[in-house]
Number of protein chains: 2
Amino acid sequence: MARPQLSDEAAAYVRELVLTGQLRAGEFVRVERVAEELEMSVTPVREGLLALRGEGFLELAPRRGFVVAELTEDDVRDLFWVQARLAGELAARATAHLTAEQVKELEALQTSITTALERGDLDEVERCNHAFHRTINLAARSPKLAWFLRASTRYVPNRFYHRIGGWPDASRHDHTEVLAAILAGDPDQVRRAMEEHITHAGQLLVEHADLPVAATGGD
Amino acid sequence: MARPQLSDEAAAYVRELVLTGQLRAGEFVRVERVAEELEMSVTPVREGLLALRGEGFLELAPRRGFVVAELTEDDVRDLFWVQARLAGELAARATAHLTAEQVKELEALQTSITTALERGDLDEVERCNHAFHRTINLAARSPKLAWFLRASTRYVPNRFYHRIGGWPDASRHDHTEVLAAILAGDPDQVRRAMEEHITHAGQLLVEHADLPVAATGGD
DNA sequence: ATAGAATATATTATGCATCATGGCTAGTGC
DNA sequence: GCACTAGCCATGATGCATAATATATTCTAT
């Protein structure tokens with residue numbers, strides 16, 4: 001799976017530039033420049049940028065170029081509001097579908113997270129974290145909800161949580177709550193636990209991200 | 001607004017083909033064929049299809065082409081679940097922001113819908129319907145939530161409601177409930193009214209759309 | 001005569017068409 | 001049933017026309 005699609009590579013590259021603030025709101029993304037940086041031609045870059053427009057990261061000014069979209073603190077709060085609702089619903093639905101084996105896997109992942117934390121292996125923590133949520137979200141068997149969830153999580157920079165002190169520990173605690181609710185077999189309790197988990201993450205991200213407070217004007 | 005962007009035209013064309021069932025799940029969308037039909041070259045078509053992949057309508061089999069994605073009855077139910085939550089939240093948020101003038105506009109639109117219904121002018125009904133929701137959604141001042149809402153409504157075929165007997169009348173009734181809640185200034189009541197409204201629409205669409213009941217298997 | 005505005009020109013980048021390459025598949029022969 | 005071949009089609013590289021903006025030049029008014 002070296003480079004399945006150049007346009008995906010271009011999209012991922014620019015998305016990360018936007019999320020890490022290396023490209024600021026209002027700036028133009030020059031197709032040719034990106035093409036040079038990634039050593040590809042302009043066609044796949046343009047395709048990738050159009051995909052990013054579809055994701056809400058860029059706006060397209062016809063015959064002018066792609067502009068980085070505004071992303072305010074309120075926007076991030078709203079994104080996590082969506083993410084919390086969706087992750088909560090998916091987790092609630094998953095409760096009835098999770099097999100005993102899958103529950104065991106979740107417990108194993110939770111153990112791995114704890115030991116990895118003690119070793120200070122944050123990459124491993126993130127991997128297990130991801131697997132934990134993925135297992136739950138797949139078990140819900142609701143691909144469209146999962147699609148919307150992914151759309152909302154795209155706004156979280158890769159490896160963002162690494163840079164937030166105390167987050168992995170808080171996450172480990174939240175997962176314990178989710179697991180307990182799953183073991184209790186109570187979908188509503190699972191939903192609440194997962195919603196709180198995501199909400200915590202959102203609060204941390206807003207505190208650490210240093211975003212513009214309000215939009216500039218009315219479009 | 002003749003042809004703002006050929007890729008948008010291609011995306012809209014194929015999206016409608018998928019939604020109206022002229023392209024069935026699993027079928028390949030041949031780039032060159034679409035290009036011929038729209039009398040454009042393959043580049044903008046491919047760009048449009050990549051956008052549709054981002055919207056969840058198509059899947060991309062690398063080096064094979066674009067395949068129409070599965071859309072089951074459960075998927076549509078989930079899409080309307082999302083739509084109802086988002087429209088409800090937006091309406092609740094709008095309640096505090098709506099000016100007296102905007103409320104008057106909503107009432108005027110509601111009146112227009114009623115008279116247009118009596119004339120049997122379904123196009124006008126749809127126009128006012130759209131304006132009604134748009135006014136509320138803009139007043140909520142939550143662009144990201146609005147983005148997700150739009151993503152969920154893209155799955156509703158254009159002019160779909162025209163073909164459903166009794167829908168315009170039911171819609172008129174639901175709007176009355178929403179308006180009453182807005183006039184009462186009660187966000188929670190507004191949310192409930194709007195969620196019910198969308199849920200009704202979803203039920204009607206599922207009943208009339210004749211979709212596959214379940215997904216074929218595990219991807 | 002100079003400052004400012006308006007027009008003409010030059011430059012830049014988009015957007016689309018065309019072309020070259022190579023992967024995937026089906027069809028043929030053994 | 002398997003290997004090989006031929007053709008189709010996705011993918012992306014390149015070239016060109018057009019639109020938009022920046023720059024320079026000219027004209028006008030004070």
Side-chain angles (χ1 to χ4, degrees), chain A residues 1-18 22-70 216-217 219, chain B residues 1-18 22-70 216-217 219:
Chain A
M1 214 201 274
R3 359 170 79 191
Q5 278 309 84
L6 291 188
S7 51
D8 290 339
E9 194 182 330
Y13 176 72
V14 175
R15 191 188 359 247
E16 208 62 18
L17 284 184
V18 172
Q22 300 182 252
L23 278 170
R24 300 291 207 73
E27 276 184 60
F28 277 86
V29 182
R30 295 299 169 194
V31 178
E32 201 162 350
R33 184 183 303 274
V34 176
E36 281 173 23
E37 286 165 8
L38 293 177
E39 294 180 322
M40 61 179 71
S41 137
V42 297
T43 309
V45 172
R46 181 178 158 77
E47 288 170 356
L49 296 189
L50 280 165
L52 288 183
R53 177 180 67 145
E55 294 175 15
F57 287 97
L58 303 178
E59 282 161 26
L60 178 54
R63 282 282 170 193
R64 298 275 326 279
F66 292 88
V67 185
V68 178
E70 185 90 14
T216 49
D219 67 289
Chain B
M1 211 201 276
R3 2 170 77 191
Q5 209 74 348
L6 291 188
S7 51
D8 290 338
E9 194 181 331
Y13 176 73
V14 174
R15 190 188 300 124
E16 208 62 19
L17 283 184
V18 172
Q22 300 183 253
L23 279 169
R24 300 293 205 72
E27 275 184 60
F28 277 87
V29 183
R30 294 299 168 195
V31 179
E32 202 162 347
R33 183 184 303 274
V34 176
E36 281 173 24
E37 286 165 9
L38 293 177
E39 293 179 322
M40 60 179 72
S41 134
V42 297
T43 309
V45 172
R46 182 179 159 76
E47 288 170 357
L49 296 189
L50 280 165
L52 288 183
R53 176 180 67 144
E55 295 175 14
F57 287 97
L58 303 178
E59 282 161 25
L60 178 54
R63 286 277 171 196
R64 300 275 323 280
F66 293 88
V67 185
V68 178
E70 186 88 15
T216 49
D219 68 289

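To find a chain, count down the sequence lines: A is the first, B the second, and so on, and within it residues start at 1. Any value given below was found using the heavy atoms of this structure, including those in side chains, with hydrogens, waters and symmetry copies removed.
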Does the side chain of [X] get closer than 4.0 angstrom to OP1 or OP2 of [N] through an N or O atom?
X	N	result
A/R64	C/dT12	no
A/R46	C/dG15	yes
B/R33	D/dC9	no
B/S41	C/dA17	yes

Between atom [atom1] in [X] and atom [atom2] in [N], what is the gap in whole Å?
X	N	atom1	atom2	value
B/E39	C/dC16	CD	P	15 Å
B/E32	D/dG12	CD	C1'	15 Å
A/E9	D/dT11	CD	P	15 Å
B/L6	D/dT18	CG	P	14 Å
A/L60	C/dC16	CG	C1'	14 Å
A/F66	C/dT12	CZ	P	21 Å
B/L50	C/dG15	CG	C1'	16 Å
A/L38	D/dT11	CG	P	18 Å

Taking every non-hydrogen atom, the tightest pair across [X] and [Y]:
X	Y	answer
B/V68	B/L58	CA-CD2, 3.8 Å
B/R64	B/R30	O-NH1, 3.4 Å
A/V42	A/E32	CG1-CA, 4.1 Å

| Within-4.5 Å side-chain heavy-atom neighbours: B/E55 and B/R15 |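 In contact.
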
| message | Could you go through A/L50 and A/R53, starting from their C-alpha distance and side-chain angles, then the distance that decides it, and tell me whether this counts as side-chain contact (heavy atoms from CB on, under 4.5 Å)? | response | CA-CA 5 Å; A/L50 280 165; A/R53 177 180 67 145; 3.8 Å; yes

| request: Kindly indicate whether the side chain of A/S7 and the base of D/dT11 share any N or O donor-acceptor pair separated by less than 3.5 Å? | output: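 Between D/dT11 and A/S7, which were checked side chain against base, a qualifying N/O pair under 3.5 Å is absent.
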
| When only distance counts, do a donor and an acceptor, one from the side chain of A/T43 and one from the base of D/dT14, lie under 3.5 Å apart? |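 Answer yes: a donor N or O sits under 3.5 Å from an acceptor.
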
| How is B/R63 classified with respect to the nucleic acid when contacts are heavy atoms under 4.0 Å: base, sugar-phosphate, or nothing? |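 Base contact - B/R63 has a heavy atom under 4.0 Å of at least one base atom.
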
| said: Over all strands shown, is A/V42 touching base, sugar-phosphate only, or nothing at heavy-atom distances under 4.0 angstrom? | reply: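 Result for A/V42 = base.
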
| said: By nearest heavy atom, map B/P62 and A/P62 onto DNA chain D; which one lands nearer the 5' end? | reply: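 Closest to the 5' end, via its nearest nucleotide, is B/P62.
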
